[in-house]
Every structure is written in structure tokens, then in C-alpha cells.
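What follows is a short report on a single structure.
Numbers restart at 1 for each chain; the letters A, B, ... are given by sequence-line order, proteins then strands.
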There are 2 protein chains.
Amino acid sequence: MPQSSEHAVGRVQARPPLSVTPPTLADVAERAGVSRQTVSNAINNPDLLRPDTLTRVQESIDALGYSPNRAARNLRTRASHLIGMRIGPAQEGTANATMDRFVHSLVETSREAGYHVLLFAGAGSSTNPLAGYDDLLRSTAVDAFVVTDTYLGNPQATWLEERRAPFVAFGRPWDNPQARHSWVDVDGAAGTELATQHLLDKGHHRIAWIGWRKDSRISEDRRSGWTRAMHARGLPTTGLASRVEDTVASGREASAHLLDSAQPSAFVCASDTLAMGVLHTLRDRGLRAGEHVAVVGFDDSQVAQVVPPGLTSVRQPLEQVAVEVVTALEGLLAHPPVVGTGVMLVPTLAVRGSS
Amino acid sequence: MPQSSEHAVGRVQARPPLSVTPPTLADVAERAGVSRQTVSNAINNPDLLRPDTLTRVQESIDALGYSPNRAARNLRTRASHLIGMRIGPAQEGTANATMDRFVHSLVETSREAGYHVLLFAGAGSSTNPLAGYDDLLRSTAVDAFVVTDTYLGNPQATWLEERRAPFVAFGRPWDNPQARHSWVDVDGAAGTELATQHLLDKGHHRIAWIGWRKDSRISEDRRSGWTRAMHARGLPTTGLASRVEDTVASGREASAHLLDSAQPSAFVCASDTLAMGVLHTLRDRGLRAGEHVAVVGFDDSQVAQVVPPGLTSVRQPLEQVAVEVVTALEGLLAHPPVVGTGVMLVPTLAVRGSS
DNA sequence: CTGAAAGCGCTAACAG
DNA sequence: CTGTTAGCGCTTTCAG
């Protein structure tokens with residue numbers, strides 16, 4: 001066995017390669033001349049140890065490069081320190097990136113709370129969307145879930161609630177006002193109201209709305225912010241609204257129709273995707289966004305940030321959402337559990353060249 | 001105890017709530033009248049059982065809603081069926097979305113192979129970037145890693161190799177040709193060559209290149225595809241190239257300079273972000289992309305897909321990359337391990353209005 | 001093909 | 001404050 005201990009001095013430790021088996025609690029205990037339990041305490045309840053014992057144990061831990069085996073700890077404590085989150089297939093052809101941005105924030109935030117994020121696939125259209133949750137739950141693979149798609153009369157929340165599975169929703173329980181679970185959401189209506197006020201302040205009077213189909217509660221909510229702002233200034237909204245699917249092509253068509261029928265000088269959209277449709281129409285007609293017609297989107301996607309001349313957009317505070325979600329999660333997993341009510345956050349407006 | 005067995009008949013099973021403790025192997029065994037080991041075999045080695053025993057056990061498993069406890073299984077088998085992947089903070093203000101799209105594909109693909117994806121934070125600039133890997137490795141929390149940032153003289157690959165940690169890189173080992181680990185990459189040069197040929201076929205002769213700073217191997221590789229295509233037709237490249245940072249502003253400036261100094265009729269860019277910079281310049285000058293000047297980006301981001309009039313872009317086959325990565329991973333984790341060499345995939349060109 | 005015994009590495013109880 | 005005992009739920013020997 002080659003001796004290279006002369007190099008092992010100093011702050012950088014020469015950790016042994018893990019090729020064989022990692023050190024266990026017993027190894028640390030033996031090296032430190034204490035019992036296994038003491039080592040366990042050194043890690044989980046350091047204040048129970050005498051200072052000198054603690055340092056001695058700590059030294060052995062460092063020297064051996066010991067880290068508690070997750071599986072063993074999980075088995076014993078009946079917790080995995082993993083948060084499950086379902087992720088659907090990438091949405092291409094749209095500007096939707098909220099979920100991706102949220103995942104980033106969630107990963108960062110949950111790390112600080114000692115959790116990791118486990119991603120699982122959102123099952124194809126054929127499969128039962130609950131299957132993934134069920135599997136992870138029954139096998140105790142995750143401690144809790146973050147549920148993100150609360151928009152449709154989605155069964156997840158109700159189902160998880162029935163199974164008493166700990167979860168926090170990003171999105172309020174639209175269909176079920178007496179839901180008792182924790183949730184965090186962003187006030188979309190406040191966002192569109194902000195956007196509309198911004199346009200009104202810029203001197204616009206005829207401001208059109210393009211949202212999603214009427215069965216979308218989210219879109220109807222965002223729409224209400226637009227009407228609220230318009231009515232507050234005594235301006236009419238009739239003939240200025242359109243409801244279409246969330247695609248660029250739909251936004252393009254809807255804006256063309258609205259320009260012909262109602263001559264708006266500005267558009268507020270339920271998504272950046274729809275707003276990009278408006279930009280297409282403006283280009284088709286040789287109009288310049290921000291000069292001839294103002295446009296505001298929703299989500300502050302990368303698209304909004306880089307498209308010329310910059311798309312003004314409502315920005316959801318996803319970092320804050322993640323923080324609130326993790327806080328709620330910690331409550332749920334505490335002993336005894338604390339079921340927080342809902343948390344509503346306020347979006348901001350990222351103003352760019354299009355308005 | 002309420003009896004509702006009359007409803008429990010049929011295909012939909014009335015699974016008991018998991019509020020208490022999930023059923024264990026022992027519960028299933030008792031209900032089926034066999035030993036625990038037989039139940040374990042029914043799950044892991046079904047062919048060892050007599051058909052009738054198997055069905056009986058299977059029935060009990062279904063009835064109880066049993067799923068093996070992950071922690072226990074992990075402890076015993078020394079495997080977690082988790083793949084770790086580091087994820088950096090969301091890149092805003094750019095069109096970069098390769099990693100997000102890749103994560104989606106990876107999650108889908110690894111599910112089919114029986115793996116879940118564990119995301120961990122890419123540690124702030126201050127912290128040691130290897131810390132996350134080290135921690136997960138030492139605690140045996142993941143079976144393997146997928147490493148995605150091989151661009152800089154990045155220490156991860158070397159470090160993981162030294163520790164004999166199983167991992168597959170998305171990105172070839174640029175700096176270390178004698179690296180022995182598995183990797184999957186996309187031939188960027190072939191992509192830009194494709195893009196340049198496409199522009200040449202459209203009748204362009206003066207085609208400019210905007211790439212990243214010279215120390216980026218990826219960018220230099222992509223650049224070589226452009227020069228190769230140009231030189232193949234006997235066209236000069238001098239004075240037509242620019243190397244800048246990967247930001248919209250840089251792309252904007254670089255394209256403005258190039259238009260003034262070299263009058264190109266088309267641009268090939270190392271990223272969609274830079275290509276968007278070109279679109280900004282064109283707008284500044286009242287030029288229309290796809291009519292006056294052609295532009296091609298790289299990555300086929302959402303931005304490329306929705307920006308008017310559509311940005312032609314080189315598309316990396318990320319779904320395929322994920323498949324190859326998972327295949328390589330399965331090899332690494334097999335007994336005995338199979339270390340695959342590198343796999344190089346070929347990108348395609350998504351042609352849109354900008355060219 | 002099925003059953004019994006052992007132990008993966010850890011922590012919750014207690015006893016000293 | 002430290003050590004002993006037990007067991008989380010599973011799979012891998014090894015006998016029947």
C-alpha cells in the first residue's frame with residue numbers, strides 16, 4: 001500500500017476513494033474510541049456530547065470522509081428528505097417556461113432546508129396521471145409533493161388530500177374552495193391590472209385583452225384584472241376581448257381580428273405566447289411594437305426578455321413562491337404537522353420596449 | 001371497522017389510505033399464506049414461483065396496495081435507483097434552454113429504465129462546486145450522475161473519475177482526450193455546417209459568424225463547421241467572424257460592426273441568444289430578417305420557435321441524447337460494469353422565416 | 001420451488 | 001453524558 005501521507009497534511013483532506021465501501025458509523029466510532037450511538041449523537045444531537053468528545057468524533061468523521069448512509073437513515077427515520085415533483089413534457093412552440101424557472105428556484109430553496117428534489121415523469125396522455133404519485137407514495141420514496149398543475153379540475157390535489165399525503169400546491173384550489181391543503185399562488189389579476197394601468201398611464205385608452213378559453217380559471221382571473229383597471233377609469237371593455245387557445249398562431253389571428261374590428265392601441269395578453277402572436281401580426285402589417293401598438297405579455301419568459309424590442313411582461317415572483325412552498329412543506333413535515341393556509345403573492349411588471 | 005368490501009370488487013381497487021403505516025412484505029406474505037421470501041421472489045424473480053402461487057401473491061399485493069419500501073430495498077441492495085444531476089440557476093436574459101429541455105427528456109427516459117432524477121443545486125459561486133457531488137456520493141444517495149457542464153476545464157469529470165463514481169457526461173471531454181468515461185455529445189460543427197450550407201443554397205455568399213470568446217471549445221468547434229462549409233465552396237471567411245460573450249447585447253453590437261465592415265447578407269451564430277442580438281440590430285436599421293438579411297441560431301430554443309418571423313436554428317436531438325445517456329448509465333451500473341466509449345449525435349436544422 | 005436465518009447502516013429507547 | 005439493545009423492511013445466502 002503506497003504511503004503518501006506526507007501530502008495529506010493541511011486543509012485539503014486526502015479522502016480515500018470510494019471504490020470499495022464507504023465508512024460506516026461503526027468505523028468512525030472505533031477510530032474515535034466511542035460507541036456508535038455517540039457518533040450518531042455527534043451528528044444529530046451535538047449538544048448532548050461533551051465538547052472534547054465531540055471534537056474527537058468530528059475529527060474522525062473528517063478523517064474518514066464519513067457521511068451517513070442515506071438509505072439506512074431513511075429506513076430508520078421513515079423519511080427520505082426528498083420532495084417529489086411531476087414534470088410534464090417540455091412545451092415547445094410556446095413561450096411557457098414558468099415551470100422550468102420554478103424548478104430551479106425550488107431546487108435552490110429546498111437545498112437550504114435539507115431537501116432534494118426528485119423529478120418524475122408526468123405520464124403520457126394514455127397512462128393514469130396519478131400513477132406516478134401513487135407509486136412514490138406507497139414506496140415511501142418521497143416525503144412530500146409539490147403539485148403544480150392545479151388549473152384544470154385536476155384530481156391530484158383532491159386525491160392526495162384523501163390519501164393524507166403531504167403536499168403543497170403551487171396554484172390555488174380553484175374548483176374546491178373548501179380545500180384544506182397548503183398552497184401558494186400568485187395574484188394574476190393584480191398582475192394584469194398592473195399591466196393595464198401601465199398602459200393607461202402611457203395614454204392608451206383602447207386596450208384589448210387576449211386570453212385563453214373560457215374554461216380556464218387562471219385566464220378568467222387575469223382577465224378580471226384588465227376589466228377592473230379599465231372600469232376604474234370609466235373605459236369600456238366590450239368588443240375588446242378575445243379568448244383563444246394558448247398558441248402563437250391563435251394570438252396572431254385574434255390580434256388581427258381585434259385590430260380590424262376594434263382598433264385597439266394596446267394589447268394585454270394572458271401569456272407571453274399570445275403576446276408573441278400579437279408581435280407576429282404587427283410584423284405582418286408593418287407596425288412596430290412599442291411605437292404604433294403596445295403589447296404586454298405574462299410570465300416574463302426568456303422570450304419576452306430577448307425578443308426585439310423587448311416584451312413588457314408580468315413577472316411572477318417564482319423565487320418567493322419556492323420559498324413559501326418550502327416553508328409550507330417544512331410545516332407539513334414537522335411534528336406535529338402545521339397545515340398552513342394559502343399564501344398569495346403579488347407579481348411585478350417588467351417594462352420593456354413593447355410598451 | 002367499517003365493512004365496504006361490497007364496493008371493493010371490480011377493477012378499481014379501494015386502496016386503504018396511507019395515513020398509518022404502509023403494508024410490508026410480511027403483511028402480504030401473511031395474507032397470501034406464504035413466507036416473506038416468496039413474496040420478495042414474486043416481485044424480483046417471478047419465474048421462480050409456481051404460477052398459481054404467483055397469482056395468489058400478486059392478488060394480495062394488489063389488494064393491500066403494497067409497494068416495496070424504497071429505503072429498505074436501497075439499504076439492502078446498495079442502490080438507490082436515483083440519478084443525480086446538478087442544475088445551475090435559471091439563465092435569464094438569454095435564449096439558453098438546452099438544459100431544461102434535456103432535463104425533461106432525461107426524466108422521461110430514465111423512468112422507462114426504472115430510475116428517477118434527483119436534482120441538486122449547483123452551489124453558489126462561493127461554494128465548492130464539487131461539494132454537492134461529494135455529499136450525494138458519500139451518503140450513497142444516488143447511483144450515478146449525469147454531468148452536463150463539460151465546457152470549461154471543468155473539474156467534475158476528472159474528479160468523479162478519480163473517485164470511481166459512475167457518471168455519464170453530456171458533452172465530450174474537450175480538455176482531456178484520454179478520458180475513459182462514457183459521454184454523449186452532439187456534433188456542433190456538423191450543425192453549423194448544415195446551417196451554412198443551407199444559407200449557401202439560398203444564394204448567400206457573404207455569410208458571417210458570431211461565436212463566443214475564443215476559450216470556448218464548443219464555440220470554436222461550431223465555428224469550424226462554418227469555415228468548412230465556406231471553404232468547401234471556395235469562399236473566404238476573413239473579416240467575417242466575431243467572437244463575443246454570449247449575450248443579446250454582444251450579438252447586437254457584433255452584428256452591427258460586421259454589417260458595417262463586411263456587408264454580410266447572412267449570419268450564423270453559436271447560440272440563439274446571439275442570433276437574437278442580430279435581430280435587434282436588424283430592427284434598429286429597419287431591415288427585415290429573412291428578407292434583407294438571413295439569420296441562423298443554435299439550440300432551437302423556444303425563442304427561436306416563437307419570435308417573428310421564426311428563427312432558423314440548429315436543433316440538438318436532446319431526446320436521443322437522453323436515451324444514449326441512460327443506456328450508458330445502465331451499462332455502468334450493470335454487473336459487471338460496461339464502460340461505453342463516446343457517442344456522437346448529429347443535429348438537424350429547423351428552418352424558419354429568418355432564412 | 002419454498003422457508004429460515006442473517007444482516008445492510010442507522011437511530012429511538014432505555015440503562016448505566 | 002455514554003453504551004447496550006432492538007429493529008426499521010428488505011434481499012441474499014443456504015437448507016429443505
Side-chain angles (χ1 to χ4, degrees), chain A residues 18 20-58 60-61 64-81 114 135-141 143 335, chain B residues 18 20-58 60-61 64-81 114 135-141 143 335:
Chain A
L18 289 179
V20 203
T21 31
T24 74
L25 208 57
D27 298 329
V28 178
E30 190 182 10
R31 189 181 196 284
V34 295
S35 78
R36 284 160 41 197
Q37 183 50 30
T38 303
V39 180
S40 178
N41 283 338
I43 295 167
N44 302 307
N45 302 85
D47 21 307
L48 290 185
L49 299 208
R50 220 170 29 206
D52 61 323
T53 321
L54 183 57
T55 37
R56 197 155 39 98
V57 173
Q58 192 58 52
S60 291
I61 289 178
L64 262 42
Y66 170 76
S67 190
N69 179 303
R70 283 288 224 285
R73 172 179 277 182
N74 292 350
L75 177 59
R76 189 64 242 236
T77 61
R78 298 174 175 284
S80 64
H81 284 259
D135 176 40
L136 291 169
L137 201 50
R138 297 221 314 278
S139 60
T140 60
D143 290 349
H335 302 290
Chain B
L18 289 179
V20 204
T21 32
T24 74
L25 209 57
D27 298 327
V28 178
E30 189 183 10
R31 191 182 194 283
V34 296
S35 77
R36 284 162 41 197
Q37 181 45 31
T38 305
V39 179
S40 178
N41 282 337
I43 295 167
N44 301 309
N45 303 87
D47 21 308
L48 290 185
L49 297 209
R50 226 171 23 205
D52 61 322
T53 321
L54 182 57
T55 38
R56 197 154 39 98
V57 173
Q58 192 58 52
S60 291
I61 288 177
L64 261 43
Y66 169 75
S67 190
N69 179 302
R70 281 294 223 277
R73 172 178 276 184
N74 292 350
L75 177 57
R76 190 60 240 237
T77 62
R78 300 174 175 285
S80 64
H81 284 259
D135 176 40
L136 291 169
L137 202 51
R138 297 222 314 278
S139 61
T140 60
D143 291 349
H335 301 291

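Of the two residues contacting DNA chain C, namely B:Ala72 and B:Leu48, the nearest-nucleotide position lying further toward the 5' end is that of B:Leu48. Taking for each of B:Leu75 and B:Val34 the nucleotide of DNA chain C with the nearest heavy atom, the 5'-most of the two is the partner of B:Val34. Between A:Arg36 and A:Arg56, the residue anchored closer to the 5' end of DNA chain D is A:Arg56, taking for each the nucleotide with the nearest heavy atom.
In this structure, the nucleotide among D:dG7, D:dC10, D:dT2 sitting nearest to the side chain of A:Arg76 is D:dG7. When distances are taken from the side chain of A:Thr38 to each of D:dG3, D:dC10, D:dG9, the shortest belongs to D:dG3. Checking C:dC1, D:dG3, C:dC10 against every side-chain atom of A:Gln37, the shortest atom distance belongs to D:dG3. Of the candidates C:dC10, D:dT11, D:dG9, the closest approach to any side-chain atom of A:Thr24 belongs to C:dC10. Set against D:dT2, C:dG9, D:dC10, the side chain of A:Leu49 has D:dT2 as its closest nucleotide. The listed nucleotides are C:dT11, D:dT12, D:dT4; the one nearest the side chain of A:Ser35 is D:dT4.
Across all strands, A:Asn74 comes closer than 4.0 Å to no nucleic acid atom at all (heavy-atom distances).
A:Arg138 approaches B:Gly65 most closely through the heavy-atom pair NE-O, 2.6 Å.
Rounded to whole Å, atom P of C:dA12 lies 9 Å from atom CZ of A:Arg73. Going from atom CZ of B:Arg78 over to atom C1' of C:dC10 covers 13 Å, rounded to whole Å.
Counted within 6.0 Å of CD on B:Gln37, heavy atoms from surrounding residues, nucleotides or ligands total more than 12; the atom is thus considered enclosed.
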